[in-house]
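Single-structure report; data block below.
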Amino acid sequence: MKKPPRSFYTRPTLTVAKELLGKRLARKVNGQRVSGIIVETEAYRGPIDVVSHAVHGPESKAAPMFGEPGHAYVYFTYGMHYCMNVVTEPTGSGTAVLIRALEADEGIEIMRRNRQRSDTELTNGPAKLCQALDIDKQLNREDLLGNKLWIEDGQTVPKSAIKQTARVGISQGREHQWRYYVEGNSNVSAHPKY
DNA sequence: GGACCGATGTTCT
DNA sequence: GAACATCGGTCCG
(Lines give C-alpha, C1' and ligand atoms only; values in the text may rest on other atoms or scores of the structure.)
Protein backbone atom coordinates (compact mmCIF):
# COMPACT_ATOMS: atom_id res chain seq x y z
CA MET A 1 0.00 0.00 0.00
CA LYS A 2 1.11 3.49 -0.87
CA LYS A 3 1.85 6.13 1.75
CA PRO A 4 0.50 9.63 1.15
CA PRO A 5 3.46 11.97 0.48
CA ARG A 6 4.61 14.73 2.81
CA SER A 7 2.57 17.21 0.76
CA PHE A 8 -0.63 15.45 1.89
CA TYR A 9 0.02 16.67 5.43
CA THR A 10 1.22 20.15 4.54
CA ARG A 11 -2.29 21.21 3.52
CA PRO A 12 -4.87 22.96 5.76
CA THR A 13 -5.67 20.98 8.91
CA LEU A 14 -9.40 20.71 8.24
CA THR A 15 -8.69 19.27 4.79
CA VAL A 16 -6.25 16.74 6.20
CA ALA A 17 -8.67 15.79 9.00
CA LYS A 18 -11.39 15.08 6.44
CA GLU A 19 -9.15 13.24 4.01
CA LEU A 20 -7.60 11.03 6.69
CA LEU A 21 -10.96 9.25 6.90
CA GLY A 22 -10.57 5.96 5.04
CA LYS A 23 -6.75 6.00 5.29
CA ARG A 24 -5.06 3.16 7.13
CA LEU A 25 -3.07 3.70 10.34
CA ALA A 26 -0.52 0.90 10.60
CA ARG A 27 2.09 -0.47 12.98
CA LYS A 28 4.66 -3.15 12.75
CA VAL A 29 4.86 -5.11 16.00
CA ASN A 30 7.35 -7.99 16.12
CA GLY A 31 7.36 -8.09 12.35
CA GLN A 32 3.58 -8.33 12.13
CA ARG A 33 1.26 -5.70 10.73
CA VAL A 34 -1.41 -4.23 12.99
CA SER A 35 -3.69 -1.74 11.32
CA GLY A 36 -7.08 -0.11 11.07
CA ILE A 37 -9.02 2.22 8.83
CA ILE A 38 -9.40 5.74 10.24
CA VAL A 39 -13.10 6.50 10.79
CA GLU A 40 -13.01 9.50 13.14
CA THR A 41 -10.72 12.54 13.43
CA GLU A 42 -10.58 15.97 15.04
CA ALA A 43 -8.67 19.06 13.92
CA TYR A 44 -6.66 21.14 16.42
CA ARG A 45 -5.77 24.36 14.73
CA GLY A 46 -2.76 25.73 16.50
CA PRO A 47 -2.16 28.62 18.93
CA ILE A 48 -5.37 30.39 17.86
CA ASP A 49 -7.45 27.33 18.85
CA VAL A 50 -8.16 27.79 22.57
CA VAL A 51 -8.42 24.07 23.35
CA SER A 52 -5.37 23.04 21.33
CA HIS A 53 -2.26 22.01 23.23
CA ALA A 54 -0.44 24.37 20.88
CA VAL A 55 -1.66 27.36 22.94
CA HIS A 56 1.09 26.45 25.40
CA GLY A 57 3.66 27.20 22.72
CA PRO A 58 6.44 25.40 20.90
CA GLU A 59 8.46 24.90 24.09
CA SER A 60 5.66 22.98 25.81
CA LYS A 61 4.83 19.30 25.60
CA ALA A 62 3.03 20.17 22.35
CA ALA A 63 6.37 20.91 20.67
CA PRO A 64 5.90 18.15 18.07
CA MET A 65 2.84 20.01 16.78
CA PHE A 66 5.23 22.72 15.64
CA GLY A 67 7.51 20.25 13.91
CA GLU A 68 7.52 18.76 10.45
CA PRO A 69 4.10 17.71 9.07
CA GLY A 70 3.45 14.02 8.65
CA HIS A 71 4.93 13.17 12.03
CA ALA A 72 3.16 11.83 15.12
CA TYR A 73 2.39 13.81 18.27
CA VAL A 74 1.64 11.32 21.04
CA TYR A 75 0.71 12.68 24.45
CA PHE A 76 -0.12 11.16 27.83
CA THR A 77 -3.21 12.27 29.73
CA TYR A 78 -5.46 11.46 32.69
CA GLY A 79 -2.58 9.59 34.25
CA MET A 80 -3.07 6.49 32.11
CA HIS A 81 -3.92 7.17 28.48
CA TYR A 82 -2.08 8.00 25.28
CA CYS A 83 -3.61 9.82 22.31
CA MET A 84 -2.13 10.21 18.86
CA ASN A 85 -2.14 13.16 16.48
CA VAL A 86 -0.90 13.71 12.95
CA VAL A 87 1.04 16.97 12.53
CA THR A 88 -0.22 19.15 9.68
CA GLU A 89 0.57 22.33 7.73
CA PRO A 90 4.06 23.78 7.24
CA THR A 91 6.60 23.39 10.04
CA GLY A 92 5.95 25.90 12.82
CA SER A 93 2.16 25.99 12.45
CA GLY A 94 1.37 24.11 15.64
CA THR A 95 -1.54 22.28 14.00
CA ALA A 96 -2.50 18.60 14.15
CA VAL A 97 -5.27 16.07 13.69
CA LEU A 98 -6.29 13.76 16.54
CA ILE A 99 -7.06 10.20 15.45
CA ARG A 100 -10.17 9.25 17.45
CA ALA A 101 -11.30 5.89 16.06
CA LEU A 102 -10.30 3.08 13.74
CA GLU A 103 -12.01 0.13 12.16
CA ALA A 104 -9.69 -2.72 13.16
CA ASP A 105 -8.35 -4.57 10.14
CA GLU A 106 -5.02 -6.41 10.37
CA GLY A 107 -3.52 -7.99 13.49
CA ILE A 108 -6.80 -8.24 15.38
CA GLU A 109 -5.36 -11.01 17.57
CA ILE A 110 -2.65 -8.62 18.76
CA MET A 111 -5.23 -5.93 19.44
CA ARG A 112 -7.30 -8.33 21.52
CA ARG A 113 -4.23 -9.18 23.54
CA ASN A 114 -3.36 -5.50 24.04
CA ARG A 115 -6.89 -4.51 24.98
CA GLN A 116 -8.43 -7.45 26.84
CA ARG A 117 -11.85 -6.24 25.72
CA SER A 118 -14.56 -7.32 23.32
CA ASP A 119 -14.04 -6.73 19.61
CA THR A 120 -16.36 -3.71 19.62
CA GLU A 121 -14.09 -2.04 22.21
CA LEU A 122 -10.75 -2.45 20.44
CA THR A 123 -10.29 0.87 18.63
CA ASN A 124 -13.43 3.00 19.21
CA GLY A 125 -11.73 5.84 21.05
CA PRO A 126 -8.47 7.82 20.91
CA ALA A 127 -6.82 6.14 23.90
CA LYS A 128 -8.23 2.72 23.04
CA LEU A 129 -6.70 2.67 19.56
CA CYS A 130 -3.33 3.66 20.99
CA GLN A 131 -3.48 0.73 23.37
CA ALA A 132 -4.59 -1.62 20.59
CA LEU A 133 -1.75 -0.55 18.31
CA ASP A 134 0.81 -0.31 21.10
CA ILE A 135 1.34 3.40 20.55
CA ASP A 136 3.00 5.22 23.44
CA LYS A 137 5.47 7.98 24.26
CA GLN A 138 8.24 6.15 22.39
CA LEU A 139 6.45 6.91 19.13
CA ASN A 140 6.11 10.62 19.81
CA ARG A 141 7.64 12.52 16.86
CA GLU A 142 7.76 9.36 14.73
CA ASP A 143 7.72 10.02 10.98
CA LEU A 144 4.48 8.66 9.53
CA LEU A 145 6.26 8.06 6.24
CA GLY A 146 8.51 5.58 8.07
CA ASN A 147 8.08 1.90 8.90
CA LYS A 148 7.27 1.71 12.62
CA LEU A 149 4.06 3.72 12.69
CA TRP A 150 2.70 5.04 9.43
CA ILE A 151 -0.31 5.99 7.34
CA GLU A 152 -1.08 4.45 3.96
CA ASP A 153 -3.93 4.49 1.47
CA GLY A 154 -6.95 2.46 2.53
CA GLN A 155 -10.51 2.91 1.37
CA THR A 156 -12.35 5.67 -0.39
CA VAL A 157 -15.04 7.23 1.78
CA PRO A 158 -17.89 8.82 -0.19
CA LYS A 159 -18.28 12.50 0.63
CA SER A 160 -21.92 11.90 1.53
CA ALA A 161 -20.83 9.57 4.37
CA ILE A 162 -18.61 12.16 6.05
CA LYS A 163 -20.26 13.90 8.98
CA GLN A 164 -19.00 16.99 10.76
CA THR A 165 -19.73 17.89 14.41
CA ALA A 166 -18.27 19.66 17.41
CA ARG A 167 -15.23 18.08 19.01
CA VAL A 168 -15.49 15.66 21.91
CA GLY A 169 -14.18 16.03 25.44
CA ILE A 170 -13.59 19.78 25.42
CA SER A 171 -15.42 22.57 27.26
CA GLN A 172 -14.51 25.57 25.16
CA GLY A 173 -14.51 25.80 21.39
CA ARG A 174 -17.74 23.86 20.98
CA GLU A 175 -18.90 26.32 18.34
CA HIS A 176 -16.44 24.87 15.84
CA GLN A 177 -17.40 21.74 13.98
CA TRP A 178 -13.93 20.34 13.63
CA ARG A 179 -14.69 16.67 14.22
CA TYR A 180 -15.19 14.37 11.25
CA TYR A 181 -16.44 10.80 11.17
CA VAL A 182 -17.79 8.17 8.81
CA GLU A 183 -21.54 7.97 9.24
CA GLY A 184 -22.87 4.59 10.25
CA ASN A 185 -19.52 3.09 11.19
CA SER A 186 -19.87 1.16 14.44
CA ASN A 187 -16.34 2.03 15.57
CA VAL A 188 -17.03 5.75 15.86
CA SER A 189 -16.68 6.77 19.50
CA ALA A 190 -19.77 7.59 21.53
CA HIS A 191 -21.86 10.38 20.15
CA PRO A 192 -21.91 13.44 22.39
CA LYS A 193 -24.98 15.59 23.04
CA TYR A 194 -25.11 19.11 21.71
C1' DG B 1 -28.43 2.14 26.72
C1' DG B 2 -27.04 6.31 30.16
C1' DA B 3 -25.22 8.99 34.39
C1' DC B 4 -21.94 9.23 37.66
C1' DC B 5 -17.34 8.95 39.34
C1' DG B 6 -12.56 7.46 40.50
C1' DA B 7 -8.10 6.38 38.60
C1' DT B 8 -3.51 8.30 38.09
C1' DG B 9 0.81 11.22 36.26
C1' DT B 10 2.38 15.08 33.77
C1' DT B 11 2.20 19.93 33.00
C1' DC B 12 1.14 24.40 34.08
C1' DT B 13 -0.49 28.33 37.39
C1' DG C 1 -3.15 22.50 43.61
C1' DA C 2 -5.84 22.13 39.52
C1' DA C 3 -6.70 20.73 34.97
C1' DC C 4 -6.56 17.30 31.70
C1' DA C 5 -8.26 16.20 23.45
C1' DT C 6 -10.24 9.40 28.55
C1' DC C 7 -11.76 5.06 30.02
C1' DG C 8 -14.03 1.46 32.58
C1' DG C 9 -16.68 0.01 36.71
C1' DT C 10 -20.93 0.55 39.05
C1' DC C 11 -25.56 1.54 39.51
C1' DC C 12 -29.84 2.32 37.28
C1' DG C 13 -33.06 1.47 34.04
Side-chain angles (χ1 to χ4, degrees), chain A residues 9 12-18 20-21 25 36 38-67 69 71-89 93-104 111-142 144 149 151 163-182 184-194:
Chain A
Y9 303 100
T13 305
L14 292 180
T15 304
V16 178
K18 198 184 311 184
L20 278 173
L21 297 178
L25 180 66
I38 298 170
V39 298
E40 181 181 351
T41 61
E42 284 179 0
Y44 286 87
R45 304 189 62 192
I48 54 144
D49 180 356
V50 291
V51 300
S52 169
H53 292 175
V55 297
H56 301 299
E59 305 301 321
S60 71
K61 70 168 181 183
M65 293 180 75
F66 294 86
H71 286 242
Y73 164 45
V74 180
Y75 68 88
F76 184 68
T77 192
Y78 291 108
M80 59 181 86
H81 298 304
Y82 291 100
C83 295
M84 182 202 156
N85 294 252
V86 176
V87 177
T88 61
E89 304 196 27
S93 300
T95 51
V97 174
L98 173 67
I99 308 297
R100 285 197 56 90
L102 304 176
E103 181 176 329
M111 296 193 205
R112 287 187 183 124
R113 199 164 68 226
N114 288 342
R115 290 278 301 141
Q116 307 281 2
R117 293 285 179 281
S118 70
D119 283 8
T120 60
E121 297 287 325
L122 291 179
T123 54
N124 61 337
K128 298 178 187 180
L129 70 90
C130 284
Q131 195 181 5
L133 268 63
D134 201 20
I135 296 170
D136 65 17
K137 209 167 197 160
Q138 291 191 330
L139 292 169
N140 194 20
R141 297 178 177 275
E142 192 72 20
L144 298 172
L149 169 67
I151 289 172
K163 292 292 170 184
Q164 192 171 358
T165 71
R167 292 171 291 181
V168 176
I170 55 170
S171 46
Q172 298 177 72
R174 300 300 304 259
E175 67 275 21
H176 299 120
Q177 307 222 94
W178 292 344
R179 171 184 182 237
Y180 298 91
Y181 66 91
V182 178
N185 190 289
S186 62
N187 297 280
V188 171
S189 67
H191 217 96
K193 293 193 176 70
Y194 299 103

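Chain letters run A, B, ... following the sequence lines, proteins first, then strands; residues in each count from 1. Every heavy atom of this structure was used, including side-chain atoms; hydrogens, water molecules and symmetry mates were not.
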With a 4.0 Å cutoff (strictly under), does any side-chain N or O of [X] reach OP1 or OP2 of [N]?
{"X": "A/K128", "N": "C/dG8", "result": "yes"}
{"X": "A/R167", "N": "C/dT6", "result": "no"}
{"X": "A/R100", "N": "C/dA5", "result": "no"}
{"X": "A/R117", "N": "C/dG9", "result": "yes"}

**Request:** Would you mind classifying the nucleic acid contact of A/M65 as base, sugar-phosphate or nothing, using non-hydrogen atoms under 4.0 angstrom?
**Result:** base

**Asked** With a 3.5 Å cut-off and just heavy-atom distances, do the side chain of A/Y75 and the base of C/dA5 make a donor-acceptor pair?
**Response** yes

**Request:** Assess whether atom CD of A/E121 is packed by more than 12 heavy atoms of other residues, nucleotides or ligands within 6.0 Å.
**Result:** yes

**Request:** Taking atom CD of A/E59 as the centre, report whether more than 12 heavy atoms of other residues, nucleotides or ligands fall under 6.0 Å from it.
**Result:** no

**Prompt:** Checking A/R167 side chain against A/A43 main chain: does a donor-acceptor pair fall under 3.5 Å?
**Reply:** yes

**Message:** Between A/N124 (side chain only) and A/N187 (backbone N and O only), is there a donor and an acceptor less than 3.5 Å apart?
**Reply:** no

**Request:** May I ask whether A/Y44 stacks on the base of C/dA5, given the cut-offs of 5.5 Å between ring centres and 30° between planes?
**Result:** yes

**Request:** Fit a plane to each ring of A/Y75 and A/H53, take the angle between them on a 0 to 90° scale, and name the class: parallel (under 30°), tilted (30 to 60°) or perpendicular (over 60°).
**Result:** perpendicular

**Fill in**
Ranking C/dG8, C/dA5, C/dC7 by distance to the side chain of A/E121, first place goes to C/dG8

**Asked** Between B/dT8, C/dT6, C/dA5, which nucleotide gets closest to the side-chain atoms of A/M80?
**Response** B/dT8

Rounded to whole angstrom units, what separation is found between the [atom1] atom of [X] and the [atom2] atom of [N]?
{"X": "A/Y78", "N": "B/dG9", "atom1": "OH", "atom2": "C1'", "answer": "13 Å"}
{"X": "A/E42", "N": "C/dT6", "atom1": "CD", "atom2": "C1'", "answer": "12 Å"}
{"X": "A/L98", "N": "C/dC7", "atom1": "CG", "atom2": "P", "answer": "10 Å"}
{"X": "A/N85", "N": "C/dA5", "atom1": "CG", "atom2": "C1'", "answer": "8 Å"}
{"X": "A/Y82", "N": "C/dC4", "atom1": "OH", "atom2": "C1'", "answer": "15 Å"}
{"X": "A/H81", "N": "B/dG6", "atom1": "NE2", "atom2": "C1'", "answer": "11 Å"}
{"X": "A/N140", "N": "B/dT10", "atom1": "CG", "atom2": "P", "answer": "14 Å"}
{"X": "A/L129", "N": "C/dG8", "atom1": "CG", "atom2": "P", "answer": "12 Å"}

**Message:** On DNA chain C, does the nearest nucleotide to A/Q131 precede the nearest nucleotide to A/I170 from the 5' side, or the other way round? Give the residue.
**Reply:** A/I170

**Asked** Between A/E59 and A/F76, which has a closest nucleotide on DNA chain B that is more 5'?
**Response** A/F76

**Message:** Strictly by Watson-Crick or wobble contacts shorter than 3.5 Å, is anything paired with C/dG9, and which nucleotide is it?
**Reply:** B/dC4

